[in-house]
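Structure first, commentary second.
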Amino acid sequence: MPLLTPSAIVVGVLNESLLLPFTWLVPWIFACMTLIGSLKSNFRDLLAVLVKPQKLIILMIILHVVMPLAGWLAAMLFFPGDPYTVTGYVLLFAIPTGVVSVVWVSMHGGNVALTLALILIDTLLSPLIVPGTLHVLMGASVQIQLGDMMKGLLWMVVLPSVAGMLLNQFTKGEIAATCGPPLAPFVKVGLFVVVSINGASIARYLKHPDGKLALIIAVTFITVVLGYVIGAFVSHRLHWDYENTVAVQFNSGMRNLSAGAVLAVKYFPPAVALPVISGMLFQQILAACSGLFIRSRAGRLQQAGGGAESLSTPGAAQVPPADSGVSL
C-alpha cells in the first residue's frame with residue numbers, strides 16, 4: 001500500500017496520452033470499489049456506535065471542522081491570491097475519511113466498529129459536507145458545480161455504500177466472507193487505475209516541476225501529518241483506550257483521496273487537483289509511520305507500567321504483537 005499510489009501516479013504521468021481517453025471510466029471504477037469496500041458494513045455496528053456517539057462526533061469535528069480550517073489557513077498563508085490551489089486544499093480536507101483506514105485500524109488492533117460506522121456516516125453525508133465546506137470557505141472565489149458534485153457523490157459513493165451494507169445485512173455477513181477476499185485484489189487494481197488516470201490528467205504540471213509544486217507537496221505533507229497529530233493529541237487528552245486511540249489517530253489523518261481526485265478532475269480546473277494528488281504520494285507511507293508510532297508508544301508505556309492508565313480502560317484490547325493481522 002505505501003508504494004501503490006506513488007507508483008500509480010508515475011505510471012499516469014508517463015502514459016498521459018494513452019490514459020487520458022479513459023477518464024470517463026474513473027467514476028464507474030470508483031463506484032465498484034466503494035461497493036466492494038462496503039460489503040463488511042452492517043446496521044448492527046452502526047447502531048452500536050450511534051448509541052454512544054461521543055467519539056464519532058469528535059472525529060467528525062476533527063475531520064470536517066478542524067482540518068478543513070487548517071488546510072484553508074495554510075493555503076491562504078502560502079498561496080495568497082491563488083484560489084484554485086486554496087480550493088484544492090479545502091477539497092483535500094473536506095472529503096470523507098479513507099475507506100482503506102479500516103485496514104490499518106484492524107491491522108493494529110483498533111476499534112473497527114467505530115471506524116466502519118465513521119466511514120459509513122461520513123460517506124452518506126458527503127454529498128452535503130463536501131459542497132457545503134467548499135461553499136462556506138471558498139464562497140464565490142471559484143465557480144463550484146454544487147448540484148453536479150452532490151449528484152456525483154450520491155451515485156459514486158453513497159448508493160454503492162448503501163448497496164454493500166444491505167447485501168451484507170441480507171446475507172448475514174456471508175457475502176463479505178465469501179466474496180470479500182476474492183474481490184479485495186480488484187479494489188487495489190481499481191485504485192491503481194483510478195490514480196493513474198488522474199495522474200495523467202495533471203501530468204503537464206508534474207512533468208515540469210517548479211518551486212510552486214515543491215511548496216504544494218511540502219504544505220500538503222505538513223497539513224496531512226497535522227491530522228495524525230491532532231488525532232493522537234485528542235485521544236491522549238481524553239484518556240481513551242488503545243483500541244479507540246488507534247481508530248481516532250488513523251481516521252483523523254486518512255482521507256478518501258481517490259474520491260477527492262475524481263471530484264477535483266471532474267468538477268474543477270486541473271490546478272485544484274494538485275494538492276489532492278500530492279496527498280496520494282505519502283498518505284499510505286504516513287499511515288505506516290503512524291502505526292509504528294502507536295506501537296512504539298504503547299510498548300514504552302507498558303514497559304514503564306503506565307499502559308493501564310494511559311492507553312487502556314477496563315475491557316480494552318491488549319496491544320497486538322508486531323506481526324499480527326486481522327482478516328477482513
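What you are looking at is a predicted structure, and each value in this text was computed from that prediction instead of being measured.
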Can you tell me how far the NZ atom of K212 sits from the CZ atom of F78, to the nearest 0.5 Å? 14.5 Å
Would I119 and T97 satisfy side-chain contact (heavy atoms from CB on, under 4.5 Å), going step by step from the backbone distance to the final call? CA-CA 6 Å; I119 291 171; T97 188; 3.8 Å; yes
Can you tell me how far apart CG (L134) and CH2 (W72) are? Round to the nearest 0.5 Å. 13.5 Å
Using a 3.5 Å cut-off and no angle test, enumerate the donor-acceptor pairs between side-chain atoms of residues 213-221 and protein atoms at least two apart in sequence or in another chain.
{"unit_1": "T220", "atom_1": "OG1", "unit_2": "Y89", "atom_2": "OH", "d": "3.0"}
{"unit_1": "T220", "atom_1": "OG1", "unit_2": "I216", "atom_2": "O", "d": "2.7"}
{"unit_1": "T220", "atom_1": "OG1", "unit_2": "S278", "atom_2": "OG", "d": "3.0"}

For the hydrophobic clusters of this structure (ILVMFWY residues joined by side-chain heavy atoms under 4.5 Å, transitively), does one cluster hold both F22 and F192? yes
Any chain of hydrophobic side-chain contacts (each under 4.5 Å) joining L292 to V229? no
What heavy-atom pair brings I62 and V234 nearest, and what distance separates the two atoms? CD1-CG2, 4.0 Å
So L69 and L137, side-chain contact (heavy atoms from CB on, under 4.5 Å) or not? Walk me through it. CA-CA 8 Å; L69 282 173; L137 292 180; 3.9 Å; yes
If hydrophobic clusters are built by linking Ile, Leu, Val, Met, Phe, Trp and Tyr wherever their side-chain heavy atoms come under 4.5 Å apart, do I197 and L20 end up in the same one? no
Over all atoms of both residues, closest heavy-atom pair of A261 and V276: N-CG1, 3.5 Å
Measuring only between side-chain heavy atoms, which start at C-beta, is I129 closer than 4.5 Å to M60? yes
Does some side-chain heavy atom of M165 sit less than 4.5 Å from a side-chain heavy atom of L39? no
Would a 4.5 Å heavy-atom cut-off, applied to side chains only, mark T245 and H236 as touching? no
Find out if a path of hydrophobic residues (ILVMFWY) with successive side-chain heavy-atom gaps under 4.5 Å connects I9 to L14. no
Aromatic contact between H108 and F250, with the criterion being ring centroids under 6.0 Å apart: yes or no? yes
To the closest 0.5 Å, what do you measure between CD (Q249) and CE (M254)? 12.0 Å
Can you check whether H64 reaches L125 side chain to side chain, under 4.5 Å on heavy atoms? no
What I'd like to find out is whether the side chain of L124 reaches to under 4.5 Å of the side chain of V162, using heavy atoms alone. yes
With a 4.5 Å limit on heavy-atom distance, are the side chains of F93 and L63 in contact? no
Contact between V224 and L286 at the side-chain level, heavy atoms closer than 4.5 Å - yes or no? yes
Within the distance-only criterion (no hydrogens, no angle test), does the side chain of S235 pair as donor or acceptor with the backbone N or O of A232 below 3.5 angstrom? yes
Could you check L238 against F233 for side-chain contact (heavy atoms from CB on, under 4.5 Å), going step by step and ending with a plain yes or no? CA-CA 9 Å; L238 296 178; F233 174 79; over 6 Å; no
Residue pair P96 / D122: nearest heavy atoms and the distance that separates them: CA-OD2, 3.2 Å
Linked, directly or transitively: V10 and V194 (ILVMFWY side chains, under 4.5 Å): no
Can you tell me how far CD1 of I95 sits from OG1 of T133, rounded to the nearest 0.5 angstrom? 11.0 Å
Less than 4.5 Å apart, any side-chain heavy atom of D241 and any of N244? yes
Do you know the tightest heavy-atom contact between A271 and P275? O-CD, 3.7 Å
Would the distance check show the side chain of R255 and the main-chain N or O of G279 forming a donor-acceptor pair, the cut-off being under 3.5 Å? no
Testing the basics here: between A264 and L91, what is the closest heavy-atom pair and its distance to 0.1 Å? CB-CD2, 3.7 Å
A247 backbone acceptor or donor facing N251 side chain under 3.5 Å: yes
One should read off an interatomic distance between L226 CG and S252 OG, to the nearest 0.5 angstrom, of 10.0 Å
For the CD1 atom of I285 and the OG atom of S290, what is their distance to the nearest 0.5 Å? 13.5 Å
Check the side chains of N15 and S196 for a donor-acceptor pair under 3.5 angstrom, ignoring hydrogens and angles. no
Measure across T171 and L167 and return the closest heavy-atom pair with its distance rounded to 0.1 Å. OG1-O, 2.7 Å
